[in-house]
Protein chains: 2
Amino acid sequence: MTDPVLLISGASFKEDERARLAEAYPATFVDGPDAMSGVPEGQRRAIRAVAYKGHKPFGGAEMDLFPNLGVIANYGVGYDAIDVAAASARGIKVTNTPDVLSDDVADLAVAMLLAQARTMRLGEAHVRSGDWAKKGELPLNRKVSGSTVGIVGLGRIGREIADRLAAFKMEIHYHSRSEKETPGWTYHADPARLAGAVDFLVVALVGGSATEGYVSKEVIDAMGPRGVLVNISRGTTVDEGALLDALEEGRIGGAGLDVFLNEPNLDPRFLKLENVVLQPHQGSGSVETRRDMALLQLANVRAFLEGAALPTAVN
Amino acid sequence: MTDPVLLISGASFKEDERARLAEAYPATFVDGPDAMSGVPEGQRRAIRAVAYKGHKPFGGAEMDLFPNLGVIANYGVGYDAIDVAAASARGIKVTNTPDVLSDDVADLAVAMLLAQARTMRLGEAHVRSGDWAKKGELPLNRKVSGSTVGIVGLGRIGREIADRLAAFKMEIHYHSRSEKETPGWTYHADPARLAGAVDFLVVALVGGSATEGYVSKEVIDAMGPRGVLVNISRGTTVDEGALLDALEEGRIGGAGLDVFLNEPNLDPRFLKLENVVLQPHQGSGSVETRRDMALLQLANVRAFLEGAALPTAVN
């Protein structure tokens with residue numbers, strides 16, 4: 001048997017994704033970083049690439065298990081689970097899968113915003129109760145078109161969201177580290193000022209320690225009782241305790257959330273809320289996009305093993 | 001007591017809407033056309049305007065109850081409940097409330113399309129079950145951005161829908177009585193050909209007898225097993241039996257429906273379906289839009305009673 005050059009790490013890899021990787025290169029598989037030390041030492045020495053999927057921390061200690069590791073190819077645009085500084089210090093390249101998922105994530109952000117404003121959960125329950133005739137009309141809800149939205153983090157995904165919402169005649173405001181070239185969108189240097197200026201606040205930050213709790217209690221409080229928060233980034237970017245307090249006390253209008261701090265074990269307080277749309281981190285979860293992500297991950301592994309330029313390196 | 005000049009007809013008028021109308025002009029109220037003959041004859045003779053809301057037929061027989069009736073001001077853009085030919089024959093003007101609701105209806109159409117494609121109902125149930133960790137990832141769903149949509153009926157609302165979906169990088173196809181000026185959208189003279197050429201089919205026809213069953217069994221069958229139908233127009237525009245058959249047998253992919261043939265008493269077969277998003281005819285149901293509709297209805301009544309040009313006459 002040939003020694004594996006590729007370690008596939010991630011219990012969440014679909015069968016076809018794993019099979020595609022394992023067909024491309026001699027490979028071995030582990031559930032995640034915790035299991036990496038269980039790979040026999042001879043095999044570990046042969047590993048030159050890791051195809052990674054998941055949210056468990058992949059740090060320097062795990063990297064040191066593989067003395068000939070040259071690339072960690074992440075499945076997903078967010079690589080906050082991987083200690084990039086530790087990788088760089090060891091001469092290990094890290095890659096991700098940007099762009100191919102931006103459309104899907106932006107689509108879900110817009111969908112959650114619309115669903116929350118137009119009380120679609122309530123509408124669906126109204127119809128499915130079988131009592132529409134008896135219950136009469138749904139209580140009126142909130143107009144989206146023509147309102148004002150604030151995007152927190154105007155990266156690739158943030159821009160896709162803004163481009164879509166502009167077609168709803170929405171006034172686009174944003175916050176990012178610095179002002180950017182935009183088609184006349186309004187920049188706010190302070191995220192709380194942004195929150196106070198808009199009807200809807202959409203969080204599209206990168207994850208990682210630099211943005212932990214970035215949407216703070218102060219930002220949430222600035223949204224006001226009609227403000228609606230949409231988060232499609234990472235659970236870490238929002239002060240989740242402050243968000244839950246504000247939602248429970250009606251101090252903000254509602255939320256559309258695809259990501260949570262301890263997902264998939266989310267805080268049970270969320271399940272009691274009616275003023276939220278909850279999705280199971282499925283922003284990039286279409287058949288088409290997941291295939292594109294898997295192919296881009298493999299393309300990064302292949303480029304490295306063949307000595308070519310990495311398509312989407314992050315360090 | 002002054003004789004009423006305004007008849008407010010519609011059990012579905014909200015209290016504040018009724019109050020606004022009754023404050024503007026001496027008025028009397030009935031639940032709908034069935035109750036009009038119950039208005040005392042002396043009052044009937046005084047009535048010069050009807051402010052109408054509802055879906056019950058308002059025909060020549062009811063109009064003849066009011067010998068001095070000059071205008072029927074409908075609340076809503078769709079005036080298929082009112083026999084316009086009968087009104088015209090009696091010299092009665094009919095008005096509606098176009099434009100002010102197009103944004104809301106288009107927003108809900110886009111929201112239902114996204115919700116159906118991205119299996120948001122399933123996602124919400126997945127999270128709210130409390131078993132996300134045990135159940136694992138949601139099954140993958142369907143990418144919207146970059147796909148192809150067909151709009152059936154490119155009037156004011158159809159255009160608003162197309163403009164929004166264009167921002168999702170969707171290829172826009174459409175069918176209408178004749179080809180229209182568009183930014184390069186693809187015209188289909190035949191609705192079944194349109195249905196066969198697209199991933200999503202959105203019905204934005206006017207109601208009334210001319211479009212009854214326009215989205216026929218043939219059109220529905222042409223959509224194919226992945227096709228998704230969205231209807232925000234009227235229940236009458238779609239062959240509902242054929243649609244239910246196709247949904248039950250999985251011959252089309254799914255649907256997002258805000259309107260039904262016998263709403264609010266919709267066919268119970270709908271309630272058994274999982275591949276549909278169901279909304280209770282709330283396309284124009286935001287606080288902001290309903291206020292604008294009520295104000296435009298009142299503006300039409302006022303213009304008539306003051307002898308001014310009607311803002312939005314349909315005959």
Can you tell me if A/Ser286 and B/Asn141 form a side-chain donor-acceptor pair at under 3.5 Å? no
With a 4.5 Å cut-off on heavy-atom pairs, point out which of B/Arg164, B/Glu160, B/Glu263 contacts chain A the most. B/Arg164
Got a sec: does the NZ of A/Lys14 have more than 12 other heavy atoms crowding it under 6.0 Å? yes
Any A/Lys169 side-chain heavy atom under 4.5 Å of B/Asp103 side chain: yes
Could you walk me through whether A/Arg128 and B/Arg121 pass the side-chain contact (heavy atoms from CB on, under 4.5 Å) test, one step at a time? CA-CA 12 Å; A/Arg128 289 191 182 265; B/Arg121 277 188 58 228; 3.0 Å; yes
Between A/Gln282 and B/Leu140, is the side-chain contact (heavy atoms from CB on, under 4.5 Å) condition met? List the steps. CA-CA 8 Å; A/Gln282 63 124 326; B/Leu140 298 182; over 6 Å; no
Most contacts with chain B, counted as non-hydrogen pairs under 4.5 angstrom, among A/Gly283, A/Gly146, A/Gly136, A/Ala11: A/Gly283
Please list, in residue-number order, every residue in residues 288-297 of chain A that has a heavy atom less than 4.5 Å from any heavy atom of chain B; write 'none' if there are none. A/Glu288, A/Thr289, A/Arg290
Would you say the side-chain atoms of A/Glu124 pair up with the backbone N or O of B/Gln279, donor to acceptor, closer than 3.5 Å? no
At a heavy-atom distance under 4.5 Å, which candidate from A/Leu122, A/Asp131, A/Val276 has the highest pair count against chain B? A/Val276
Taking side chain as everything from C-beta outward and backbone as N, CA, C, O, which of these in B/Lys134 sits under 4.5 Å from a heavy atom of chain A? Side chain, backbone, both or neither. neither
The interface call for A/Leu266 against chain B, heavy-atom contacts under 4.5 Å, is side chain
Let's test your reading of the structure: which of A/Pro280, A/Gly285, A/Ala167, A/Ala133 forms the most heavy-atom pairs below 4.5 Å with chain B? A/Pro280
Atom of A/Leu271, atom of B/Val127 and distance for their closest heavy-atom approach: CD2-O, 3.5 Å
Toward chain B, the part of A/Leu101 with a non-hydrogen atom under 4.5 Å: neither
Side chain A/Asp107, main chain B/Ser145, donor-acceptor under 3.5 Å: yes
What part of A/Lys135 gets within 4.5 angstrom of chain B, counting heavy atoms only: side chain, backbone, both, or neither? neither
Residue part contacting chain A, namely of B/Ser129, when any heavy atom lies under 4.5 Å: neither
Please examine the side chains of B/His126 and A/Leu278, heavy atoms only from C-beta on, and report whether any two atoms are closer than 4.5 Å. no
Who pairs with A/Phe260 by ring-ring contact (aromatic ring centres under 6.0 Å, His included), at least two apart in sequence or on another chain? A/Phe270, B/Trp132
Name the region of B/Glu137, side chain, backbone, both or neither, that has any atom closer than 4.5 Å to a heavy atom of chain A. side chain
Under 3.5 Å, side chain of B/Arg118 to main-chain N/O of A/Asp104, donor-acceptor pair present? yes
Tell me whether the count of non-hydrogen atoms from other residues, nucleotides or ligands lying under 6.0 Å of CZ in A/Arg20 goes above 12. yes
With only heavy atoms counted, which part of B/Ile161 is less than 4.5 Å from chain A, the side chain, the backbone, both or neither? neither
Begin from the C-alpha positions of A/His281 and B/Leu138 and carry the test side-chain contact (heavy atoms from CB on, under 4.5 Å) through to its verdict. CA-CA 9 Å; A/His281 200 154; B/Leu138 199 66; over 6 Å; no
